Structure formats: structure tokens, C-alpha cells
Amino acid sequence: MAVSVDSQDFRRAMRRLAGGVSVVTVCAEGKRSGFTATSVVSLSVAPAVLMVSVNTASSSWPLMQAGGRFGINVLGERQQFVAERFSGRDGIHAEARYECSRWQQVEDAWLLEGATAAFACEIEEVFERHGHAVVLGRVRALRTAAPDDGALVYWETGYTPLMARAACQDPVGA
């Protein structure tokens, strides 16, 4: 039995699901692009595999398919401008999204210098459903940076910092 859910109600409900912000980078035939994603998930640890959802109508999807490799860059609060550049909202496309940031190519994937965590992945498997591709990426290399700021989170249609936990203190009178 098929159940139909109103798409606007679904969008409103999903805005309540906070998600870590990542930039997914793609490259093929000398062309680079990428997109901002909150749909990055760890699938397994051994082997190290990440999962990301990609709109198949996006300009990044053909480059991801052709290149076979991609980067996932987990952003900190000071990197919100990178998330905005890769979101496409301001009409910034393809190679121009990489301007104003420092990038390094690792295992044929572009990783952001200073990202909280960055992963170079190789496509392992793809499932296409409902106008999106769910891509499983085998991690080939990774880097982490010292957490000098909070994580960047997307919630209720906007970016918000998630501050690092303060050191626990004994409650008064304990």
C-alpha cells in the first residue's frame, strides 16, 4: 500500500534534523566542481566507507561518475563561506567554487586545507533512486585538523556553529 506524504510537510519536518556540513568535491577531464551536502554518513569502519547522496540533475554528478573519485570535506564554523560558495545559491559554479580557499589534491580528490576532516574516496557502488544517486565511497586517504573551532551544522534552513563541549565541572554541592 503506497502512502503519500505532502512534500512541503516533509521539507518542514526534515528542517528539524540537524546535519553536519560537508563539501563534496569532484573532478574529471581537468574540470572541477562540487556541492555542499548534509547527507554524508559513515557506512562502515572496516573497510572505511562513506555514503553521500547526489542530485543526478546537478552539474557535479557527471563529473563524479566520470572521475570515479571524490573528496568529502567536513567543515568547521569558520568555513561557512566555503559551504556557501559550493551551495550554488550565489550563482557560483564549477571551478569558481574553489577560489578563496586552499586545496590539495590527494588520491585524485580535492581536499580543503584546514577542514575538520577530509576524505579522499573512490566510488565503490551507486544506487539511483528518485532523482538522486546514493554513492558509496571507499576511503583511500584521510586528514584531520585540530578542532580549533566548532563544527558547522545546517538546521532550520541556516548554518549554525556547534560549539565544542566545555570541560565538565563538578556541580555545586556534589
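Note that this is a predicted model, so its numbers are computed, not measured.
Judged purely by atom type and a 3.5 angstrom limit, D90 has no side-chain atom pairing as donor or acceptor with the backbone of I92. For the pair N73 (side chain) and V23 (backbone), a donor-acceptor distance under 3.5 Å is present. Not one N or O on the side chain of R140 forms a donor-acceptor pair closer than 3.5 Å with the backbone of E122. Between the side chain of Q80 and the backbone N or O of E77 there is no donor-acceptor pair closer than 3.5 Å.
Once rounded to the nearest 0.5 Å, the distance linking OG1 of T160 with CH2 of W155 reads 8.0 Å. Within the model, atoms CZ of R11 and OG1 of T157 stand 12.5 Å from one another, a figure rounded to the nearest 0.5 Å. Considering CH2 of W110 and CD of Q105, their distance stands at 4.5 Å, rounded to 0.5 Å.
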Which donor-acceptor pairs under 3.5 Å do the side chains of residues 26-40 make with protein atoms, sequence neighbours left out?
residue : atom : partner : partner atom : Å
R32     : NE   : E95     : OE1          : 3.2
R32     : NE   : E95     : OE2          : 3.0
R32     : NH2  : E95     : OE2          : 2.3
S33     : OG   : S60     : OG           : 3.4
T36     : OG1  : A83     : O            : 2.6
T36     : OG1  : S87     : N            : 3.3
S39     : OG   : S53     : N            : 3.3
S39     : OG   : S53     : O            : 3.4

For residues 130-138, dump all side-chain donor-acceptor pairs below 3.5 Å to protein atoms at least two apart in sequence or in another chain.
residue : atom : partner : partner atom : Å
H132    : ND1  : H130    : O            : 3.4
R138    : NE   : E124    : OE2          : 2.8
R138    : NH2  : E124    : OE2          : 2.8

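Contact of the I123 side chain with the R69 side chain is not registered, since no non-hydrogen atoms from C-beta on lie closer than 4.5 Å. Put simply, the side chain of S101 reaches to within 4.5 Å of the side chain of L112, judged on heavy atoms. A 4.5 Å side-chain heavy-atom check between L50 and V139 finds at least one atom pair inside the cut-off.
With sequence neighbours excluded, no residue forms a side-chain hydrogen bond (donor to acceptor under 3.5 Å, both in side chains) with R85.
The aromatic rings of W103 and F86 lie tilted to each other, with the angle between the two planes from 30° to 60°.
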Check step by step if salt bridge (Lys or Arg N to Asp or Glu O under 4.0 Å) holds for R15 and E156.
CA-CA 5 Å; R15 288 178 185 144; E156 282 290 337; over 6 Å; no

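Placement of Y154 and I72 in two distinct hydrophobic clusters is found when ILVMFWY residues are connected by side-chain heavy-atom separations under 4.5 Å, directly or transitively. Under the 4.5 Å side-chain heavy-atom criterion for ILVMFWY residues, no single connected hydrophobic cluster contains both V24 and Y98. Tracing side-chain contacts under 4.5 Å through hydrophobic residues (I, L, V, M, F, W, Y), one reaches L63 starting from V126; they form part of the same cluster.
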